[in-house]
Amino acid sequence: MRFQWMLGATALLVLSVPLQGWDIPPDNGTLGRDDVAEILAGNPYPETSGYRQTVGFIDFTANGQPFTQVVVTLLPDTPRVRNGKKIVVVGAEPGSEYGMDFVTTVESKDGPAVWLARRGITFVALTRVGRWNFLAPGSDGSWETIPIGQRMPIFSRAQKTPWPASDYETVRSGAAAVQTASVSTSTRYPKKGTLLETQMLAATPAVFLEGYRRALEQAIPDRAGSFVLFWGMSTGGASLYPLTKHYRPDGFLGWGTSSTGLAYVNNKAEGGDFANVYDRMALRVRERGLEDFEFYTRHVDADTRARWWQAALKSPRFKSTEDASMMFGAAGLTEHALRLWNADVLPEATRALGLAAFLHAMLEPSFPPVELSTVPVLDLNGTNDETLPPAAVDANRRVMERYAKIWRVGRIEGLHHYLFTQDSIKVVGSVWLRYIDSGYFD
């Protein structure tokens with residue numbers, strides 16, 4: 001689809017934006033409410049371009065099973081450039097959502113991908129394998145036609161029907177309400193011997209990264225002429241940090257960005273919680289139902305939350321096998337590796353490398369890669385972030401900073417974890433562009 005704007009379709013745009021009264025906060029500083037109000041009252045980064053949107057499908061095989069990686073790309077007609085290169089923002093979706101959440105918010109309005117595309121920035125939205133509903137009537141990946149209690153990952157577009165209820169079992173956690181982002185009231189597991197179990201076993205952390213790598217190579221054909229910034233929204237960060245080993249960005253934009261599994265588990269341990277290390281989280285599918293949604297929307301009224309929830313049902317609203325990697329669940333990762341190693345599905349070329357190499361590959365995405373040492377990182381958050389409050393951001397920094405080229409923390413007063421509203425998108429997008437203009441990522 002193509003969205004027209006008043007500027008030509010082939011020109012490159014280099015903007016000189018007049019200096020506003022507000023500016024990016026100092027390291028570990030906070031953009032205050034007065035500055036937020038100034039951004040909302042003004043127009044520091046006006047629209048400059050139309051854009052077109054494409055959806056790409058990439059079929060590949062891993063661990064003996066078929067996968068289809070989906071990538072949604074918003075291409076501006078008039079690209080914004082930095083140092084002669086087109087700016088590209090790569091978004092990795094939160095664990096219970098999919099790439100289209102960057103395009104349309106729960107308000108059923110334009111998402112951050114559209115906001116950036118209309119300012120000349122290419123946006124590449126990544127969807128983890130298993131998160132796109134290839135059976136959606138509108139071919140848009142939406143899950144709204146499948147009841148939330150029956151949703152299981154769909155890994156390949158070759159699949160023609162939903163997984164039958166006989167292929168999985170549901171377990172209730174006993175939690176009356178969701179108090180943290182890592183707790184769900186309902187969890188589903190594939191039954192032993194089913195194709196669903198086999199495909200979930202094959203979907204290792206390395207497979208998620210392989211899908212992402214393939215997607216970026218397709219969506220960004222001119223890497224040398226592109227200024228690429230990663231944005232891992234929520235759990236997306238835990239995938240993009242290890243992806244740096246296979247596809248190196250020019251920097252990390254942060255907003256509500258989770259860290260590596262190593263930082264996550266250390267953060268928990270600082271508070272005396274060692275449970276995740278030993279949690280058998282392999283092959284579980286955590287339903288992110290209404291209780292979870294309420295956890296992130298306590299600041300809005302009940303009617304608004306109800307409307308947003310209906311829109312949110314287009315998303316998968318589940319988390320699958322990325323939990324173990326992003327939380328460094330050593331027990332879950334080891335269980336996953338050994339189950340797959342002993343299953344009769346691995347190609348001989350994989351088995352020939354030996355069990356030690358196989359287990360190492362399973363654990364590796366929980367750690368910061370060496371390649372991160374050349375990449376500047378911005379860790380930007382709202383002071384009211386429900387999942388990553390300032391203390392969690394600081395704890396992640398204490399682990400991760402030494403592995404990056406440079407690390408900077410910024411906060412925006414009063415904002416929450418998700419960019420649900422047009423105001424929050426405008427504020428964060430404007431601050432991002434000011435960081436880019438400042439030369440932080442150069």
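Along the sequence shown, the residues carry numbers beginning at 1.
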Worksheet item: With a 6.0 Å cut-off on ring centres, are Y241 and F252 close enough?
Response: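 They qualify: ring centres under 6.0 Å apart.
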
Worksheet item: When the aromatic ring centroids of F318 and W143 are compared, is their separation below 6.0 Å?
Response: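 Ring-ring flag for F318/W143: true, centres closer than 6.0 Å.
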
Do the side chains of [Y] and [X] get nearer than 4.5 Å, heavy atoms only?
X    : Y    : answer
S259 : V399 : no
V375 : E371 : no
V393 : P390 : no
I220 : V90  : yes
D379 : R397 : no
K191 : L196 : no

Fill in: Qualifying residue, where the test is salt bridge (charged side-chain N to carboxylate O under 4.0 Å, His left out) with E322 and the options are R131, R284, R286
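Between E322 and the candidates, salt bridge (charged side-chain N to carboxylate O under 4.0 Å, His left out) is satisfied uniquely by R131.
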
Going by the rule ring-ring contact (aromatic ring centres under 6.0 Å, His included), which residues pair with [X] if we only count those two or more places apart in sequence or in a different chain?
X    : result
F208 : none
F102 : F123, W231
W255 : none
Y418 : Y296, F420

When rounded to the nearest 0.5 angstrom, what distance separates [atom1] in [X] from [atom2] in [Y]?
X    : Y    : atom1 : atom2 : answer
Y45  : K426 : OH    : NZ    : 13.0 Å
L313 : T145 : CG    : OG1   : 11.0 Å
L243 : F230 : CG    : CZ    : 4.5 Å
R119 : T78  : CZ    : OG1   : 13.5 Å
I154 : Q199 : CD1   : CD    : 10.0 Å
S186 : D292 : OG    : CG    : 12.0 Å

Worksheet item: According to the salt bridge (Lys or Arg N to Asp or Glu O under 4.0 Å) rule, which pairs have a member within residues 55-76, sequence neighbours left out?
Response: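 Sorted result for residues 55-76: D59-R157.
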
Practice prompt. Sorted by first residue and then second, give each salt bridge (Lys or Arg N to Asp or Glu O under 4.0 Å) pair with at least one member in residues 208-217; sequence neighbours left out.
Written response: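 Of all non-adjacent pairs touching residues 208-217, those that pass salt bridge (Lys or Arg N to Asp or Glu O under 4.0 Å) are E210-R213, E210-R214, R213-E217.
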
Practice prompt. For F57, look at atom CZ and say whether over 12 heavy atoms of other residues, nucleotides or ligands are found less than 6.0 Å away.
Written response: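 Counting neighbours around CZ of F57, more than 12 heavy atoms of other residues, nucleotides or ligands fall under 6.0 Å, so yes.
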
Fill in: D34 atom CG: more than 12 heavy-atom contacts under 6.0 Å
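Counting other residues, nucleotides and ligands, CG of D34 stays at 12 neighbours or fewer.
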
Worksheet item: Taking atom types as modelled and ignoring hydrogens, do the side chains of S315 and D101 form a donor-acceptor contact shorter than 3.5 angstrom?
Response: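 There is such a pair between these side chains.
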
What residues, two or more places apart in sequence or in another chain, satisfy salt bridge (Lys or Arg N to Asp or Glu O under 4.0 Å) together with [X]?
X    : value
R307 : none
E335 : R280, R339
E364 : K245
D394 : R411

Item to complete: In sequence, state the C-alpha distance, the side-chain angles, and the governing distance for F328 and T260, and then conclude on side chain to side chain contact (heavy atoms under 4.5 Å, CB included).
Response: CA-CA 8 Å; F328 190 49; T260 57; over 6 Å; no

Worksheet item: Step by step, would you call D110 with R118 a salt bridge (charged side-chain N to carboxylate O under 4.0 Å, His left out)?
Response: CA-CA 11 Å; D110 291 339; R118 286 181 171 158; 2.6 Å; yes

Item to complete: Test side chain to side chain contact (heavy atoms under 4.5 Å, CB included) on S142 and M100 and set out the steps.
Response: CA-CA 9 Å; S142 172; M100 293 301 287; over 6 Å; no

Worksheet entry | All side chain to side chain contact (heavy atoms under 4.5 Å, CB included) counterparts of V300, not counting sequence neighbours |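 With neighbours one apart ignored, the set is T297, T304, R305, W308.
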
Item to complete: Heavy atoms only: give me the nearest S49-D77 pair and the separation to one decimal.
Response: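 S49 and D77 have their closest heavy atoms at OG-N, 3.0 Å.
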
Worksheet entry | Sequence-distant partners of R188, side chain to side chain donor-acceptor pair (under 3.5 Å), two or more places apart |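 Here the qualifying residues are E287.
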
Worksheet item: Does the side chain to side chain contact (heavy atoms under 4.5 Å, CB included) test come out yes or no for M281 and N276, once each step is laid out?
Response: CA-CA 9 Å; M281 56 183 67; N276 279 111; 3.7 Å; yes

Worksheet entry | Single hit among L75, L74, T73 for side chain to side chain contact (heavy atoms under 4.5 Å, CB included) with Q53 |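 Running side chain to side chain contact (heavy atoms under 4.5 Å, CB included) over L75, L74, T73 with Q53 returns exactly one hit, L74.
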
Item to complete: Take L126 and L216 through the test side chain to side chain contact (heavy atoms under 4.5 Å, CB included) and record every step on the way to the result.
Response: CA-CA 8 Å; L126 301 174; L216 294 186; 4.0 Å; yes

Worksheet entry | Plane angle bin for F155 and F67 - parallel if under 30°, tilted between 30 and 60°, otherwise perpendicular |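 It falls in the perpendicular class, over 60°.
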
